[in-house]
Amino acid sequence: MTVFGKESHKNHDGVHFFNDEATGLRAIIAIHDTLLGPALGGTRLWTYQNEDEALTDVLRLSRGMTYKAACAGLSLGGGKTVILGPAPTDQEKRKQMFSAFGKAVESLSGSYITAEDVGTSVDDMVAVKKETSHVTGLPIEIGGSGDPSPFTAQGVFLGLQVAVKHQLKRKTLDDVKVLVQGIGHVGWSLIQKLRNAGASVVVTDINKEMVEKAVSELGCKACNADEWMLQDIDVYAPCALGGTLNSHTIPLLKCKVVAGAANNQLAKKEDALSLKRNGILYSPDYVINAGGLINVDLERNGSWNENLALEKVGKIAESLDEIFSRVEADDKLTTRQASAELARERLRAAAIRQDSNKNDW
Ligand code: NAD
């Protein structure tokens, strides 16, 4: 397995491997950058093809968190965890594994703070809390802010509306056709908001039960998981895993807007240019999906309440508006470049304040 030579391993502050034979925990915590503050990023539990794939994932995700926090104006750095699945099916054993993970987080002395991500839940974070205070996304009853996903969905919903306004010149989502890929914690909440706003929604997921539920309870249409890129839609909302925008899918897309929650939606950075050339407005993932991070940051500061969280999440629409306007004013610029520049401006300012010579993110 290559570590240092990996394209995704560039300037990480630290990458930490944990192996706890007693509970079966195999985790990688990647801390990309802590200039703006401690690295905060969720824990993904996923069954990877191999360890190399898991490492690539955590390295890309942790870098994305640095950019996400910077664009959202938060005093947080970028980090992320992947736990290599499958997880124990026995609930008691699962709790023990997450407690062991809590010890791993604690060993980093607060330079990394965790939360939920794909495959992990509020209950898992409660088990982590037994061993460390460096955990967010805890239940409201014990002083937390609950599941961050509805706040992520709210940010995506607002951002999607801004993108539709810019690209389709439509003031409302009435009859706008949206494809939501991934009906999980974020996807379900987003679909509810879209349906309430009058959008017509096509859904796809590898979990057939969730597809049936979205069709019967929320009036969605369904498409096969491997045919999503052929759908006749206005907006594609990726809310499953990353890498779905690539050289194979982009030429097939019929949508005019991409606006979704998934991290690392572009397989390669060049895909941003392909989208632009194909007349598709891409809402940069780490800008539009920052709602959950904004929410857990308030929890961490001890100032969380729902109204304040919703108010702060509303700023995502303003950031996207600025990014889309910058791109409209400069024909050569992609939205990916515009958002990366926004993040780097803030990181450079922090580096100057702290007299750091770090200048390559
Ligand atoms: P989740 O695990 O609750 O849901 C993911 C869904 O995607 C599941 O229903 C799964 O079956 C489905 N899926 C997986 N592979 C698929 C495929 N190939 N085709 C179709 N569906 C597929 O996860 P979530 O918390 O809803 O997060 C969704 C995405 O948003 C992830 O990329 C996550 O990193 C990102 N994100 C989540 C949050 C948050 O607050 N939860 C915040 C920021 C970003």
Side-chain angles (χ1 to χ4, degrees), residues 40-49 57-58 60-65 67-69 71-72 74 76 78 80-83 85 87 114-125 136-137 144-157 159 179-192 202-214 220 222-229 231 236-246 249 258-267 283-299 309 313 316:
L40 198 159
T43 296
R44 175 170 293 190
L45 196 162
W46 193 252
T47 303
Y48 293 93
Q49 305 274 341
D57 205 25
V58 77
R60 292 193 72 203
L61 288 164
S62 55
R63 169 177 285 109
M65 293 307 293
Y67 283 70
K68 189 184 302 198
C71 275
L74 303 176
L76 290 172
K80 199 87 178 183
T81 299
V82 297
I83 295 181
T114 199
E116 296 87 350
D117 190 56
V118 173
T120 56
S121 67
V122 174
D123 286 346
D124 297 326
M125 294 309 121
T136 55
S145 62
D147 178 8
S149 307
F151 296 90
T152 304
Q154 174 68 5
V156 173
F157 176 67
L179 168 75
V180 178
Q181 179 184 47
I183 318 166
H185 290 90
V186 180
W188 180 265
S189 178
L190 176 64
I191 296 165
Q192 285 178 317
V202 183
V203 292
T204 185
D205 198 298
I206 48 175
N207 180 339
K208 290 202 170 69
E209 267 175 43
M210 286 310 291
V211 173
E212 279 162 24
K213 198 165 173 250
C220 300
C223 79
N224 287 336
D226 51 3
E227 287 175 3
W228 66 267
M229 69 295 279
Q231 302 305 305
Y236 166 46
C239 296
L241 298 184
T244 56
L245 297 166
N246 53 51
T249 58
V258 175
N263 283 306
N264 296 332
Q265 294 169 23
L266 303 172
S283 314
D285 45 16
Y286 55 75
V287 181
I288 196 169
N289 73 11
L293 184 67
I294 292 168
N295 192 59
V296 294
D297 184 51
L298 289 173
E299 173 179 339
V313 169
I316 289 174

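When a ligand or atom number is given, it counts from 1 through the structure's own listing order.
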Review point. Can you say whether the rings of Tyr236 and Trp228 are parallel (under 30°), tilted (30 to 60°) or perpendicular (over 60°)?
Key: parallel
Check your understanding: Which residues satisfy the salt bridge (Lys or Arg N to Asp or Glu O under 4.0 Å) test with Asp285, sequence neighbours excluded?
Key -> none
Exercise for review: Say whether, by atom type as modelled, one donor and one acceptor occur between the side chain of Asn264 and the main chain of Gly242 under 3.5 angstrom.
Suggested key: no
Short N or O contacts of ligand 1 with protein, under 3.5 Å, listed by atom name?
from     : atom 1 : to     : atom 2 : distance (Å)
ligand 1 : 3 (O)  : His185 : N      : 2.9
ligand 1 : 3 (O)  : His185 : ND1    : 2.6
ligand 1 : 9 (O)  : Asp205 : OD2    : 2.7
ligand 1 : 11 (O) : Asp205 : OD1    : 2.7
ligand 1 : 26 (O) : His185 : N      : 3.1
ligand 1 : 26 (O) : Val186 : N      : 2.9
ligand 1 : 30 (O) : Ala261 : O      : 3.3
ligand 1 : 32 (O) : Ala240 : O      : 2.6
ligand 1 : 32 (O) : Asn263 : N      : 3.4
ligand 1 : 34 (O) : Arg44  : NH2    : 2.8
ligand 1 : 34 (O) : Asp117 : OD1    : 2.9
ligand 1 : 34 (O) : Asn263 : ND2    : 2.8
ligand 1 : 40 (O) : Thr152 : OG1    : 2.7
ligand 1 : 41 (N) : Ser149 : OG     : 3.1

Check your understanding: Which residues pass the salt bridge (Lys or Arg N to Asp or Glu O under 4.0 Å) test with Arg44, sequence neighbours left out?
Key -> Asp57, Asp117
Exercise for review: Keeping the roles fixed (side chain from Gln265, backbone from Ala262), state whether a donor-acceptor pair exists under 3.5 Å.
Suggested key: yes
Review point. Taking only residues two or more places apart in sequence, or in another chain, which ones meet Ser189 in a side chain to side chain donor-acceptor pair (under 3.5 Å)?
Key: none
